[in-house]
Amino acid sequence: MSKSPLKILFLASEADPFVKVGGLGDVAGSLPYALRALEKAPPDVRLVIPFHSVIHTEKMDLQRVAVFTIPRQGGDVPAQVFQTEMRGLPVYLVSGGPISNSQKVYDLDPRMDSEKYVFFSLAALELARKLGWRPDIVHANDWHTSVSLYALHRMQADPFWAGVKTVFSVHNLCYMGAGSEVALSAYGLPPVDDESLPWWGKHVPLPLGLWAADKIVAVSPSYAEEIQTPEYGCGLEGFLQQRRGRVSGIVNGIDYASWDPSQDSALPATFTPETLSARGEIKTTLQTQFGLDVDASIPLLAMVTRMDQQKGVDIALEALRMLTDQSWQAILLGTGNPDIEATARRLESDFPQRVAAVIRYDAKLSRQIYGGADMLLMPSRYEPCGLAQMIAMRYGSLPVARATGGLRDTIADSRTGFLFTDSSAAVMAATLRRALAAFGNREAWQAIQKAAMAENFSWEQSALQYAALYRSL
Ligand code: ADP
């Protein structure tokens with residue numbers, strides 16, 4: 001007996017290739033396709049994102065499919081929704097004053113963001129009703145779309161929404177949408193009347209989404225455990241412990257078609273696990289480009305990262321300073337916090353022969369670094385999942401990383417990379433020493449590279465787990 005597919009309304013603030021700011025864009029731009037591509041019982045996933053002003057529409061076939069208003073104190077807010085299709089996936093772009101008035105995907109002014117994302121969350125639900133497409137499950141991601149789950153919870157008496165289940169994926173617990181109280185009230189959403197949430201979280205989007213969700217997914221099993229502890233729980237650990245039966249962890253994947261060292265046109269030489277020596281040409285290109293000694297025997301270390309406190313760039317830089325008795329070079333690619341950028345520049349000026357600080361976002365260079373560097377440093381203070389380490393492993397660059405969150409779940413110490421536990425420069429330096437020693441044994445090093453490249457980080461694995469979770473609801 002064939003059943004009709006589960007209907008999933010998938011909400012995100014960004015999705016590649018429409019608009020991408022960070023890892024969430026990768027996820028929302030891959031997971032819905034991976035779900036629809038499943039061989040067994042693929043769900044009917046439909047993606048809804050805001051029609052950000054940065055989205056280019058020239059090459060898109062857009063159809064206006066719904067026009068409605070969202071009630072708000074002081075006057076209803078008109079919304080228009082456009083539909084397009086991307087590789088078979090229906091994608092809805094929601095526009096309306098609060099979205100069109102904002103120039104950025106994430107505004108520096110939290111009031112702009114709260115108005116925009118509360119409106120978007122409510123409009124995405126209303127869209128389903130206007131289309132007469134009743135989802136079985138609404139799947140929200142991070143604080144920007146979490147309000148949809150709270151609003152849905154409050155509409156359970158409505159026959160259209162009664163019995164619709166909810167999933168909330170946590171890509172980063174620390175960004176909660178604080179400061180949204182005014183917008184929530186204006187759109188008719190009062191604080192939740194329940195003592196299980198801490199007082200400060202009763203009118204904040206992310207805690208409200210967690211509170212309303214039938215299932216909570218952290219983007220790695222370790223992060224799912226960590227967010228239930230004071231160190232990583234951002235004040236919600238007690239609440240999450242109470243809900244632990246609903247919490248699970250599913251690691252993100254990477255897009256294997258895009259991240260493929262045997263076909264990557266950004267690389268001066270492509271390679272496979274059988275032709276690893278071609279990586280040498282990429283390393284030479286990098287050493288030449290950044291004025292480092294051209295020498296295959298010097299280990300080339302790298303970072304490709306947002307320069308944010310989370311990423312522990314300061315820890316890596318301090319660890320490198322402790323290792324000046326060793327032979328190594330480093331390329332630091334990243335932008336973000338000006339203070340952290342300055343520390344990277346300082347290391348370069350202190351060690352110009354060894355270090356290149358490349359302070360910019362450069363997708364092409366990032367690919368060359370993954371393909372040519374020997375090690376990728378990721379001493380993150382916390383890391384919900386992390387994509388860079390998975391990309392690096394696929395490209396034969398071995399991660400030297402802190403055993404936290406997704407890093408712990410995707411890297412096997414001494415088998416596919418090198419892990420350390422304490423968030424300290426001395427401990428990282430000791431681990432780097434271990435990795436540098438391993439690099440000295442060419443055959444053993446290549447065996448680790450091959451093991452890392454043989455890991456399977458494709459989206460299919462994650463999609464199977466999400467599909468099973470949907471079915472369990
Ligand atoms: P996060 O999403 O927390 O920033 P992830 O490791 O999950 O970290 O994903 C980061 C992604 O952004 C990776 O694909 C990485 O290659 C890319 N990236 C980060 N900084 C840069 C940069 N300066 N230039 C190019 N790509 C970058």
Side-chain angles (χ1 to χ4, degrees), residues 12-17 19-31 105-106 141-144 169-175 218-220 222-223 226 232 249-261 264 266-267 286 289-290 302-313 316 330-338 340-341 344-345 356-373 375-395 397 399-402 404-411 417 457 459 462:
S13 52
E14 50 173 301
D16 197 39
V19 53
K20 173 181 159 179
V21 179
L24 177 58
D26 286 317
V27 175
S30 310
L31 177 57
V105 177
Y106 305 117
N141 292 275
D142 275 357
W143 82 262
H144 317 94
S169 285
V170 183
H171 303 263
N172 198 325
L173 188 72
C174 301
Y175 298 102
V219 288
S220 67
S222 284
Y223 194 55
E226 288 168 353
Y232 297 93
I250 301 178
V251 158
N252 290 331
I254 54 173
D255 182 344
Y256 265 38
S258 164
W259 298 104
D260 180 354
D264 191 332
L267 300 179
L286 290 170
Q289 183 181 351
F290 293 107
M303 293 191 87
V304 179
T305 188
R306 284 185 293 119
M307 295 229 171
D308 184 278
Q309 175 76 356
Q310 175 199 341
K311 299 292 181 180
V313 181
I331 300 176
L332 312 166
L333 173 65
T335 61
N337 180 317
I340 303 177
E341 291 176 354
R345 285 206 176 92
V358 191
I359 308 299
R360 60 172 189 260
Y361 187 93
D362 188 333
K364 187 173 177 197
L365 176 60
S366 77
R367 289 173 175 273
Q368 295 170 351
I369 290 176
Y370 292 125
M375 300 174 205
L376 183 86
L377 314 185
M378 280 186 85
S380 305
R381 290 195 163 82
Y382 70 96
E383 195 60 75
C385 178
L387 299 174
Q389 83 280 11
M390 294 194 254
I391 302 168
M393 283 189 266
R394 182 143 165 81
Y395 279 60
S397 179
V400 178
R402 176 147 179 263
T404 183
L407 296 171
R408 191 173 115 180
D409 294 341
T410 54
I411 302 166
F457 299 120
W459 266 109
S462 320

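For the single chain, residues carry numbers from 1 onward in sequence order. First listed ligand is number 1; within each ligand, the first listed atom is number 1. Just so it is clear, the values below take in all heavy atoms, side chains as well, and ignore hydrogens, waters and symmetry mates.
Inspection of the Tyr361 and Ser366 side chains reveals no N or O donor paired with an N or O acceptor under 3.5 Å.
Residues forming a ring-ring contact (aromatic ring centres under 6.0 Å, His included) with Tyr106 (at least two apart in sequence, or on another chain): His144. With sequence neighbours left out, the salt bridge (charged side-chain N to carboxylate O under 4.0 Å, His left out) criterion links Asp362 to Arg360. By the salt bridge (charged side-chain N to carboxylate O under 4.0 Å, His left out) test, Asp255 pairs with no residue at all, sequence neighbours left out.
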Report each N/O pair between ligand 1 and the protein that falls under 3.5 Å, naming both atoms.
residue  : atom   : partner : partner atom : Å
ligand 1 : 2 (O)  : Gly23   : N            : 3.3
ligand 1 : 3 (O)  : Arg306  : NH2          : 2.8
ligand 1 : 3 (O)  : Lys311  : NZ           : 2.9
ligand 1 : 4 (O)  : Arg306  : NE           : 2.7
ligand 1 : 6 (O)  : Leu387  : N            : 3.0
ligand 1 : 6 (O)  : Ala388  : N            : 3.1
ligand 1 : 7 (O)  : Leu387  : N            : 3.0
ligand 1 : 8 (O)  : Lys311  : NZ           : 3.1
ligand 1 : 16 (O) : Tyr370  : OH           : 2.6
ligand 1 : 23 (N) : Arg360  : O            : 2.9
ligand 1 : 24 (N) : Asp362  : N            : 3.0

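Side-chain contact check for Tyr232 versus Leu173: every heavy-atom pair is 4.5 Å or farther apart.
Using a distance-only test at 3.5 Å, with no hydrogens or angles considered, no donor-acceptor pair links the side chain of Arg345 to the main chain of Ala357.
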